[in-house]
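Take a look at the structure below.
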Amino acid sequence: MFRKILIPFVSLAIVLLLARLPIFPLVSEVREFSQDGESLYQTWDFVSMPEFHDAARFAKTGWLDTTWRNYLLLAAVNHAGLAFVFFASFKLIQGVFSWKKSPA
């Protein structure tokens with residue numbers, strides 16, 4: 001019974017800790033103004049999920065719809081990756097517990 005509760009919590013803790021690492025891709029649009037005029041270019045950065053959500057919220061209010069769609073696509077990929085990590089760690093921990101349980 002204890003293992004049934006522990007395994008999902010440990011898997012969730014792994015995902016939450018992983019979400020704090022700067023490993024998720026983010027497309028940033030940079031706008032510069034000079035005497036020659038305005039220039040707009042995109043850069044790729046790696047950020048944590050909270051930073052990604054802050055940037056996406058800003059992009060929704062301040063940029064074009066195409067940029068917002070790019071953020072939505074990246075968010076779907078990033079969240080799918082986190083879901084994969086959750087299920088992979090769940091199965092891995094479950095396997096470790098069942099390996100320890102087998103009789104010698």
Side-chain angles (χ1 to χ4, degrees):
M1 177 68 177
F2 179 69
R3 282 183 287 206
K4 289 184 180 181
I5 296 171
L6 182 67
I7 292 171
F9 279 119
V10 170
S11 299
L12 186 61
I14 290 171
V15 169
L16 291 176
L17 290 174
L18 190 66
R20 306 298 275 165
L21 295 176
I23 57 173
F24 300 97
L26 171 73
V27 177
S28 301
E29 288 189 352
V30 179
R31 185 178 288 179
E32 290 183 347
F33 297 98
S34 66
Q35 290 179 338
D36 297 331
E38 178 183 6
S39 64
L40 179 67
Y41 59 92
Q42 294 181 340
T43 61
W44 280 89
D45 297 319
F46 290 96
V47 297
S48 65
M49 282 308 272
E51 292 176 73
F52 181 86
H53 285 288
D54 290 341
R57 193 175 307 120
F58 176 74
K60 184 177 182 180
T61 59
W63 295 98
L64 302 171
D65 288 337
T66 55
T67 305
W68 174 239
R69 278 186 248 132
N70 291 342
Y71 274 85
L72 287 177
L73 179 65
L74 278 176
V77 169
N78 290 341
H79 284 87
L82 284 175
F84 173 76
V85 167
F86 173 78
F87 289 115
S89 63
F90 185 86
K91 288 293 187 185
L92 180 71
I93 294 169
Q94 204 173 32
V96 167
F97 275 121
S98 68
W99 177 68
K100 286 183 179 180
K101 188 179 176 182
S102 64

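Values below: every heavy atom of this structure, side chains too, minus hydrogens, waters and symmetry copies.
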>> Quick check for you: to the nearest 0.5 Å, what is the distance between Phe87 atom CZ and Gln94 atom CD?
In response: 11.5 Å
> Hey, quick one: are Phe86 and Leu6 part of the same hydrophobic cluster, counting side-chain heavy atoms closer than 4.5 Å, chains of contacts allowed?
Replying inline: yes
> So Ile23 and Val47, side chain to side chain contact (heavy atoms under 4.5 Å, CB included) or not? Walk me through it.
Replying inline: CA-CA 6 Å; Ile23 57 173; Val47 297; over 6 Å; no
>> Quick check on Phe9: does its CZ atom have over 12 non-hydrogen neighbours (other residues, nucleotides or ligands) under 6.0 Å away?
In response: no
> Should Leu26 and Trp44 count as side-chain neighbours, where that means a heavy-atom distance under 4.5 Å?
Replying inline: no
> Hey, is the main chain of Val27 close enough, under 3.5 Å, to the side chain of Tyr71 for a donor-acceptor pair?
Replying inline: yes
> With sequence neighbours left out, what residues match Glu51 under side-chain hydrogen bond (donor to acceptor under 3.5 Å, both in side chains)?
Replying inline: Ser48
>> Let me check something: do Phe33 and Tyr41 share a hydrophobic cluster, defined by ILVMFWY side-chain heavy atoms less than 4.5 Å apart, either directly or through other members?
In response: no
>> On a heavy-atom basis, which atom in Ala75 and which in His79 lie closest, and how many Å separate them?
In response: O-ND1, 2.7 Å
> Measuring from Arg20:CZ to Met49:CE, what's the distance to the nearest 0.5 Å?
Replying inline: 11.5 Å
> Would you say Ile93 and Ser11 make side-chain contact, with heavy atoms under 4.5 Å?
Replying inline: yes
>> Hydrophobic clustering (ILVMFWY, side-chain heavy atoms < 4.5 Å, transitive) - are Leu82 and Val77 grouped together?
In response: no
> Does a side-chain heavy-atom distance below 4.5 Å link Pro25 with Asp45?
Replying inline: no
>> Are Leu92 and Leu12 connected into the same hydrophobic cluster when the rule is that any two of I, L, V, M, F, W, Y join if their side-chain heavy atoms are below 4.5 Å apart?
In response: no
> Cluster question for you: counting only ILVMFWY and a side-chain heavy-atom cut-off of under 4.5 Å, with indirect links fine, are Leu16 and Phe84 together?
Replying inline: no
> Looking at side-chain heavy atoms only, is the closest gap between Phe52 and Leu74 below 4.5 Å?
Replying inline: yes
